[in-house]
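Worth knowing before you read on, the calculation uses all heavy atoms, side chains too, and leaves out hydrogens, waters and symmetry mates. Treat the numbers as computed from the prediction; the structure is a model and nothing was measured.
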Amino acid sequence: MIRKIHRWAAFFLCFLWMASLAGCAAGDTTISETDAAQEVQASNFFAMDTYMSVKVWGDPDGTLVAGLEEEILRVEALLSVTEEGSDLYQINHSEGADVTISQETADLLSTALSWCASTNGALDISLYPLSVAWGFSSASEDGYQVLSEEERAELLSVCGWQNVTVDGLTVSIPDGGGLDLGAVAKGYATDTCVSYLEENGVSTALLSLGGNIYALGSKDDGSDWKIGIQDPEDESGSSYVGVLELSDKAVVTSGSYQRYFEENGIRYHHILDSSTGAPADSGLLSVTVITDSGLTADCLSTAFFVMGLEDSAAYWRDSEDLEVVWVTVDGDLYMTEGLQDCFTVSEGWEAQIISR
């Protein structure tokens, strides 16, 4: 069932302190004057091919913030497609031979493949050859290019998550195939960072790993965090379709505006459909998933974008502990019923509620 809801509230948002990351030097760690008494540390740095930011309360000497950066770089070293020592690099250059990898990567691949199965391939971690050919991978050397139907068909012949085998620590893929964990790695790193903070007694932190946000605990004054969901048609990134108020949640958005190129007036974005080998044409501009796990939110935001509104709403109805916000190419805004008390729609937008 779908019904409409109006909320007319203007916001000049400064909620996402992460929005200024592009202007920060990589590796900067600072403590602000106002935050000093509260022992707040913040760090902005570049990893996993994107800008990241972390902010931790109760870290007087910056040890935990430094540990977060080390943890993210550690995960990147395992899963990078360009670092020769990484597990993923070895798999992608195996020429069809079996590869022995770490237990951690094997476990993550098994989990990712389970998401591929449950979404019927809307999430597919085997599309690396296509991502490289389109020019969307960090391993791409020829720049952006539009692939013909024949080129896509040839590349799809070595893709398919069903063709990826994980047996203990042994992984095999077809000769010419490859894995890309772009829709998995940042979510996984988010979860490992949250575990690290909790193990070290941190109860308040805000993480933004390339737009994968995790709000740990409540703010230091006990209130919920306020997280804006970007208007995907505003290229400046300064306006929002609405604001979430939440604690202890991951918020991950996948959208066609995040990485794309244009040719002959046509926009080609980085989220590929495994059924066509082309950018997904699902009628959506963005999908935001809100749940407890960064990995789950990362996987499902990509899968839901490929599925489109109707199929992803059906998936949501069969799920628990999961909320979603969709923005369509027609400029319509939809949200799941569980967000009615914690999502304020911005002025000029009208949200339609999707119910179970």
Legend entry - Sub-6.0 Å ring centroid separation between Phe136 and Tyr144: yes

Legend entry - Hphob cluster co-occupancy, Val184 + Leu207, side-chain heavy atoms under 4.5 angstrom: yes

Counting only heavy atoms not in [X] (residues, nucleotides, ligands), do more than 12 fall under 6.0 Å from its [atom1]?
X	atom1	result
Asp61	CG	yes
Asp221	CG	yes
Glu154	CD	no
Gln145	CD	yes
Asp281	CG	no
Glu262	CD	yes

Inset, instruction - Mind checking side chain to side chain contact (heavy atoms under 4.5 Å, CB included) for Asn120 and listing every partner two or more places apart, or none if nothing turns up? - result: none

Inset, instruction - Start with the C-alpha distance between Val241 and Gln230, add both sets of side-chain angles, then the distance that settles side chain to side chain contact (heavy atoms under 4.5 Å, CB included), and finish with yes or no. - result: CA-CA 6 Å; Val241 300; Gln230 185 178 330; over 6 Å; no

Hydrogens and angles aside, do [X] and [Y] bring a side-chain donor and acceptor to less than 3.5 Å of each other?
X	Y	value
Thr170	Asp98	no
Asp191	Ser293	yes
Ser86	Ser80	no

Inset, instruction - Before accepting this row, confirm whether a basic side-chain N of the pair Lys249/Asp292 lies closer than 4.0 Å to the acidic partner's carboxylate O. - result: yes

Legend entry - Carboxylate-amine/guanidinium proximity below 4.0 Å for Glu71 and Arg74: yes

Inset, instruction - Would you check if the side chain of Ser208 reaches a backbone N or O of Ser53 as a donor-acceptor pair within less than 3.5 Å? - result: no

Inset, instruction - Please check if the side chain of His270 supplies one atom and the backbone of Trp134 the other of a donor-acceptor pair under 3.5 Å. - result: no

Inset, instruction - Evaluate the side-chain proximity of Tyr128 to Ser137: yes if any heavy-atom separation is below 4.5 Å, no if none is. - result: yes

Legend entry - Partner residues of Glu76 under the salt bridge (Lys or Arg N to Asp or Glu O under 4.0 Å) criterion, sequence neighbours left out: none

Legend entry - Test side chain to side chain contact (heavy atoms under 4.5 Å, CB included) applied to Arg152 and Leu130, step by step: CA-CA 7 Å; Arg152 287 185 275 122; Leu130 281 155; 4.2 Å; yes

Inset, instruction - Find the distance between CG (Leu339) and CD (Glu323) and round it off to the nearest 0.5 Å. - result: 4.5 Å

